[in-house]
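Throughout, a chain's letter reflects where its sequence line sits, starting with A, and its residues are numbered from 1.
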Amino acid sequence: MLDMKWVREHTDEVAAMLLNRNYNFPLDKFVELDALRRETLLEVEALKEKRNAGAKEVGMKKKAGENADALMEEMRLIGEKVKELDEKVAGIEAELQDLAMRIPNRPHSSVPVGADENDNVEIRRHGTPRRFTFEPKPHWDLGEPLGIMDFERGVQLAESRFTVLKGAGARLERALMNFMLDLHTTQHGFTEIAPPILVNTTTMSGTGQLPKFAEDLYRCANDDLWLIPTAEVPLTNLHAGEILNESDLPKYYCAFTPCFRREAGSYGRDMRGMLRQHQFDKVEMVKISTPEKSYDELEHMTNCAEKVLQLLGIPYRVICLCTGDMGFGAAKTYDIEVWLPSQNCYREISSCSNCEDFQARRMGTKYRPANGGKPRFVHTLNGSGIAIGRCLIALMENYQNEDGSITVPEALRPYAGGLEVVK
RNA sequence: GGAGAGGUGGCUGAGUGGUCGAAGGCGCUCGCCUGGAAAGUGAGUGAACGGCUUAUCCCCGUUCCAAGGGUUCAAAUCCCUUCCUCUCCGCCA
């Protein structure tokens, strides 16, 4: 959520920002409603002031043994008017709040302006895609013969976009999880968290998944609970409603969790294999920072995600998303894309974003500056560190051998019981 | 799920209809005291929204004692609903 005052005083800038993001938003209605809110508030507050003074006077008269009937009647009438106006204000505020929650974050000035993914800017590449002496297979043609991936049974147990991992497939999934968690906790200073995977509506709204993106989420119909689409949600909300001390910052959290996404609107895309699943595992990183440090923290967090791929020896590139391709709550986003030989292109495996104070304002997370000033909103960052399912795919495809076996990267072997080759 | 107790400021803890944003204590900030520190001592110490304003300073107003609703001229205090915590019982990985 943006600062309402700022929006009010910078409507031109907001309109331009919405345009850059390809966003359709009724800004005129918002401005109009905001003015009406203040106007009505002024009216009702004046009446309340009168009523408060009157009530006090009634008290004093009664104590003095005087008759206060006329005054009480007058205050009763004011009370009725107040109630009426209070309801009006509440209605306006609810509508205004709902609108405000649907305005996307403002991109940082360093973000390239562009319409879609074609305007994203490549920042750097690492590793050289391997030159195969044979035709590299897609992961589904590797996984099924090896007996480590079962797509049919995934569908049978749930529906399409679910996969069963078996034997070495499941083992590698678990190895990757432990490898990434150990790296981030022991080398990068993150505190490991095991959070709830079901969260309530307030939590889901804090990070911006609600109210706008309910269609993308799985919901528990009998409870006010939703399945998380990423551990960003519980991790970032860990300090919702709190005022932290500056000395407590920055906070580094990471967690392994399954993630659940309905993938509404992606019918037909990446239907084969397990590139795009309704359920997938991920190690997520979250940072809570002061505004001054948040962009340095973004660079560092992106490096932490890259380190995973570097150690596994998988080629990747880092791109900076343009204004039109960025997510709702992000002010700046780096995507990390891994090389997939079967597709002959780079595919997203991690997304690292600085949300600045966008989520903090929704959650109510502030910090008290060390110099004792007023509490300020923190900046929040999140990044995949990294998506495990896609990492498994990338590993399989990049490390495949001509006979269909897969060499396990050395860095992973200690986590896979010494397994060197899956065959 | 059943029975009971309770949810007040950064913490602790008073407050059962009126001048209570809320006593006392702790903590914190500033000052005094001290060679310095402790102890002692004096003062201060919440947030949101709106108005005023060059100003996120002041000042003024409104709101906030788990959340939402109700009663009343007036609610932290009375009533209802929900949520949460604790104790006991039941159930359970």
Student: Between B:C92 and B:G4, how many Å separate the two C1' atoms, rounded to a whole number?
Tutor: 23 Å
Student: What's the verdict on side-chain hydrogen bond (donor to acceptor under 3.5 Å, both in side chains) for A:Ser353 and A:Asn382, showing C-alpha distance, side-chain angles and the deciding distance?
Tutor: CA-CA 5 Å; A:Ser353 301; A:Asn382 64 79; 4.6 Å; no
Student: Starting from P on B:A67, measure out to CG on A:Asn200 and report it in whole angstrom.
Tutor: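 In whole Å, B:A67 P lies 16 Å from A:Asn200 CG.
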Student: Any Lys/Arg nitrogen of A:Glu284 or A:Lys282 sitting under 4.0 Å from an Asp/Glu carboxylate oxygen of the other?
Tutor: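 Yes, A:Glu284 and A:Lys282 are salt-bridged.
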Student: If you count the non-hydrogen atoms of other residues, nucleotides and ligands that lie under 6.0 Å from CZ in A:Arg276, is the total more than 12?
Tutor: yes
Student: For the pair A:His184 and A:Tyr253, evaluate side-chain hydrogen bond (donor to acceptor under 3.5 Å, both in side chains) and give the outcome as yes or no after the intermediate values.
Tutor: CA-CA 9 Å; A:His184 296 318; A:Tyr253 293 121; over 6 Å; no
Student: Which residues pass the side chain to side chain donor-acceptor pair (under 3.5 Å) test with A:Tyr23, not counting sequence neighbours?
Tutor: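 Applying side chain to side chain donor-acceptor pair (under 3.5 Å) to A:Tyr23 gives none.
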Student: Return no unless some side-chain N or O of A:Asn52 is found under 4.0 Å from OP1 or OP2 of B:A74.
Tutor: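 Result: no.
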Student: In whole angstroms, how far is the C1' atom of B:A74 from the NZ atom of A:Lys61?
Tutor: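 So the NZ-C1' distance, A:Lys61 to B:A74, works out to 15 Å.
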Student: Grab the N/O contacts between the protein and nucleotides 47-49 of chain B below 3.5 Å, and write none if there aren't any.
Tutor:
| from | atom 1 | to | atom 2 | distance (Å) |
| --- | --- | --- | --- | --- |
| B:A48 | OP1 | A:Lys366 | NZ | 2.6 |
| B:C49 | O3' | A:Arg37 | NH2 | 3.4 |
| B:C49 | O2' | A:Arg37 | NH2 | 2.7 |

Student: Using the P atom as the point on both nucleotides, what is the distance between B:A14 and B:G1, in whole Å?
Tutor: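 Result for the P pair: 31 Å, nearest Å.
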Student: Output the pairing pattern of RNA chain B as a dot-bracket string, 5' first, Watson-Crick or G-U wobble with both distances under 3.5 Å, | for cross-strand pairs, [ ] for crossing pairs.
Tutor: ((((((((.[[[..)..(.....]]]((((((.......))))))((((((.......)))))).[[[[[..)....]]]]])))))))....
Student: Side-chain N or O of A:Arg38 less than 4.0 angstrom from OP1 or OP2 on B:G51?
Tutor: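 Yes, such a contact exists.
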Student: Sticking with atom C1', work out how far B:C58 lies from B:G51, rounded to a whole angstrom.
Tutor: 14 Å
Student: Between A:Tyr367 and A:Phe377, does the ring centre distance come in under 6.0 Å?
Tutor: no
Student: Can you tabulate the close N/O pairs, meaning under 3.5 Å, that link protein atoms to atoms of nucleotides 43-45 of chain B?
Tutor:
none

Student: When the P atoms of B:G9 and B:A66 are considered, how many whole Å apart are they?
Tutor: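 Straight-line distance between the two P atoms is 8 Å.
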Student: From CZ of A:Arg51 over to P of B:C73, roughly how many Å is that when rounded to an integer?
Tutor: 11 Å
Student: To the nearest angstrom, how far is A:Asp248 atom CG from B:G10 atom P?
Tutor: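 Answer to the nearest Å: 15 Å.
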Student: Got a salt bridge between A:Glu80 and A:Lys83, using NZ or NE/NH1/NH2 to carboxylate O under 4.0 Å?
Tutor: no
Student: Can you tell me how far C1' in B:A47 sits from the matching atom in B:U8, rounded to whole Å?
Tutor: 15 Å
Student: Would you measure the distance from the C1' atom in B:C52 across to the matching atom in B:A67 and give it in whole Å?
Tutor: 34 Å
Student: Provide the closest heavy-atom pair for A:Ala330 versus A:Arg21 in the form atom of the first, atom of the second, distance.
Tutor: O-NH2, 2.6 Å
Student: I want to confirm an ordering. Mapping A:Lys63 and A:Leu42 to their closest nucleotides on RNA chain B, which one lands closer to the 5' end?
Tutor: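 First, find each residue's nearest nucleotide; the 5'-ward one identifies A:Lys63.
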Student: Contacts to RNA chain B from residues 68-91 of chain A, heavy-atom cutoff under 4.0 Å, which residues?
Tutor: A:Met72, A:Met75, A:Arg76, A:Lys83
Student: What pairs with A:Glu192 under side chain to side chain donor-acceptor pair (under 3.5 Å), at least two apart in sequence or on another chain?
Tutor: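 Testing A:Glu192 for side chain to side chain donor-acceptor pair (under 3.5 Å), a comparison that skips the adjacent residues, returns none.
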Student: Counting neighbours of CD on A:Glu13 that are heavy atoms of other residues, nucleotides or ligands and sit closer than 6.0 Å, is the number greater than 12?
Tutor: yes
Student: Minimum heavy-atom separation for A:Ser351 and A:Asp335, please, with both atom names.
Tutor: OG-OD1, 2.8 Å
Student: From the options A:Lys332, A:Glu356, A:His300, A:His379, select the one residue that forms a side-chain hydrogen bond (donor to acceptor under 3.5 Å, both in side chains) with A:Tyr295.
Tutor: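 When A:Lys332, A:Glu356, A:His300, A:His379 are each tested with A:Tyr295, the side-chain hydrogen bond (donor to acceptor under 3.5 Å, both in side chains) holds only for A:Glu356.
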Student: When rounded to the nearest Å, what value does the distance between C1' atoms of B:C73 and B:A55 take?
Tutor: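 Nearest-Å result for B:C73 against B:A55 at atom C1': 40 Å.
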Student: Mind calculating the distance between CD (A:Glu9) and C1' (B:U53) to the nearest angstrom?
Tutor: 12 Å
Student: May I ask you to decide whether A:Lys287 forms a salt bridge with A:Glu297, counting only side-chain N to carboxylate O separations under 4.0 Å?
Tutor: yes
Student: Under 6.0 Å from the NZ atom of A:Lys166, do we count more than 12 heavy atoms belonging to anything else shown?
Tutor: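 Yes, NZ of A:Lys166 has more than 12 neighbouring heavy atoms, counting only those of other groups under 6.0 Å.
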Student: Could you give the NZ-to-P distance, from A:Lys50 to B:U63, as a whole number of Å?
Tutor: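 A:Lys50 atom NZ is separated from B:U63 atom P by 16 Å.
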Student: After noting the C-alpha distance and the side-chain angles of A:Phe358 and A:Phe328, does the key distance pass the ring pair (Phe, Tyr, Trp, His ring centres under 6.0 Å) rule?
Tutor: CA-CA 10 Å; A:Phe358 187 81; A:Phe328 180 71; 5.5 Å; yes
